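Below is one structure, written out as structure tokens; comments come after it.
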Amino acid sequence: MAIFLRSSVCKSKLVFSLSKIATPVTSMKLSTCNLEYIITEKVGEKQNVGLVKLNRPKALNALCDGLVTELTEAVSAYDADDSIGAIVVTGSERAFAAGADIKEMLDKTYSTNLKIGLLKQWDNLSKCKKPVIAAVNGFALGGGCELAMMCDIIYAGEKAKFGQPEIVIGTIPGAGGTQRMIRSCGKSFAMEVCLSGNQISAQEALSRGLVSKVFPPEKLVDEAIKLAEKISEHSPLIVALCKESVNYAYESSLSQGLQFEKKSFYGTFATDDRKEGMTAFIEKRKPNFSNN
């Protein structure tokens, strides 16, 4: 859930397409219409990075239902595409996503929210098995901040602004703002951000552990793609296991996490890619992973 700086109503008819995304896609059937709210593209030297750009510039990439639908479909399709090793989600230099579309939410009620499962589709973003990198320039407020925190890694431009200003309009974050920030930044800072509605700079976000690195705005997306390319060099199977293990630590005790990690580590010894990786290391050559 969230606030954004300008309100705009989404078109009622959702038109989306993932025709630019790789073929074949083994587990999703994709539309052939034109995308309306996002731009998708394969990037990187080996075309192994899926780039998703939020594209509602007049509304500062406000997260209307149509945009979120297209975004979740695109991420799911890239997740199912064997040629893609990692995904980058970004916006414009002015705004990553300045929040949710308030006009879409204005007349909703508690009962209707329960019946329709408001914001439920957002959960699909965090179910992606492949690493997702948020490249955040400009405003990442409310739902935009929550969207960034759903990703596995956040890179920020020097002028990026993060925040959870829902309190200002009489509500609270609803897509993870009160839950994920405390795990990244600690209770005191998360309380301050959520209760004040104040924006925080990229530099402070870096110092608090909310983002990994900060870059000049014009270099941000390229740097995120470079990281995605580096990740894509590794075994997709092992990358997925490693991501799962880190996420487990995020939600469990240390003893539970250590036990889960150990079992996952043992499990890698049942894969061809573990043997190939170690053999290549001993033979001082580049591994040829098969994703098995």
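Note that the structure is a prediction, hence the values are computed from the model and not measured.
With a 6.0 Å radius and a threshold of 12 heavy atoms from other residues, nucleotides or ligands, E276 has its CD atom above the threshold. Heavy-atom neighbours of M191 CE from other residues, nucleotides or ligands within 6.0 Å: at or below the threshold of 12.
Without hydrogens or angle criteria, K108 side chain to E104 main chain gives a donor-acceptor distance under 3.5 Å. Looking only at distances, a side-chain donor or acceptor of E146 sits under 3.5 Å from a matching main-chain atom of A175. D272 contributes no side-chain N or O that, together with a main-chain N or O of N292, makes up a donor-acceptor pair within less than 3.5 Å.
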Fill in: Residue pair Y250, R180: steps toward the side-chain contact (heavy atoms from CB on, under 4.5 Å) verdict
CA-CA 9 Å; Y250 192 70; R180 289 189 171 92; 3.5 Å; yes
Practice prompt. Test F189 against I200 for side-chain contact (heavy atoms from CB on, under 4.5 Å), laying out the working first.
Written response: CA-CA 11 Å; F189 186 73; I200 57 177; 3.7 Å; yes
Item to complete: May I have the step-by-step check of side-chain hydrogen bond (donor to acceptor under 3.5 Å, both in side chains) for S253 and Q256, ending in yes or no?
Response: CA-CA 5 Å; S253 67; Q256 290 172 324; 3.1 Å; yes
Practice prompt. Dump the intermediate steps for side-chain contact (heavy atoms from CB on, under 4.5 Å) on V221 and V43, then the final yes or no.
Written response: CA-CA 11 Å; V221 176; V43 296; over 6 Å; no
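Annotation: side-chain hydrogen bond (donor to acceptor under 3.5 Å, both in side chains) contacts involving residues 213-227, sequence neighbours excluded, are absent.
Considering CG of L71 and OG of S76, their distance stands at 9.0 Å, rounded to 0.5 Å.
By the rule that hydrophobic residues join a cluster once side-chain heavy atoms approach within less than 4.5 Å of another member, I38 and M150 end up as members of one cluster. Y266 and M278 fall within a single hydrophobic cluster, where Ile, Leu, Val, Met, Phe, Trp and Tyr side chains are chained together by heavy-atom contacts under 4.5 Å. Under a hydrophobic clustering in which Ile, Leu, Val, Met, Phe, Trp and Tyr are joined whenever their side-chain heavy atoms come within less than 4.5 Å, directly or via other members, V75 and I133 fall into different clusters. By the criterion of side-chain heavy atoms lying less than 4.5 angstrom apart, applied directly or through intervening Ile, Leu, Val, Met, Phe, Trp or Tyr residues, L206 is grouped together with I154 in one hydrophobic cluster. In this structure, V68 is a member of the same hydrophobic cluster as M149, with clusters built from ILVMFWY side-chain heavy atoms closer than 4.5 Å.
Between F215 and Y155, the ring planes lie tilted relative to each other; the angle falls in the 30° to 60° range.
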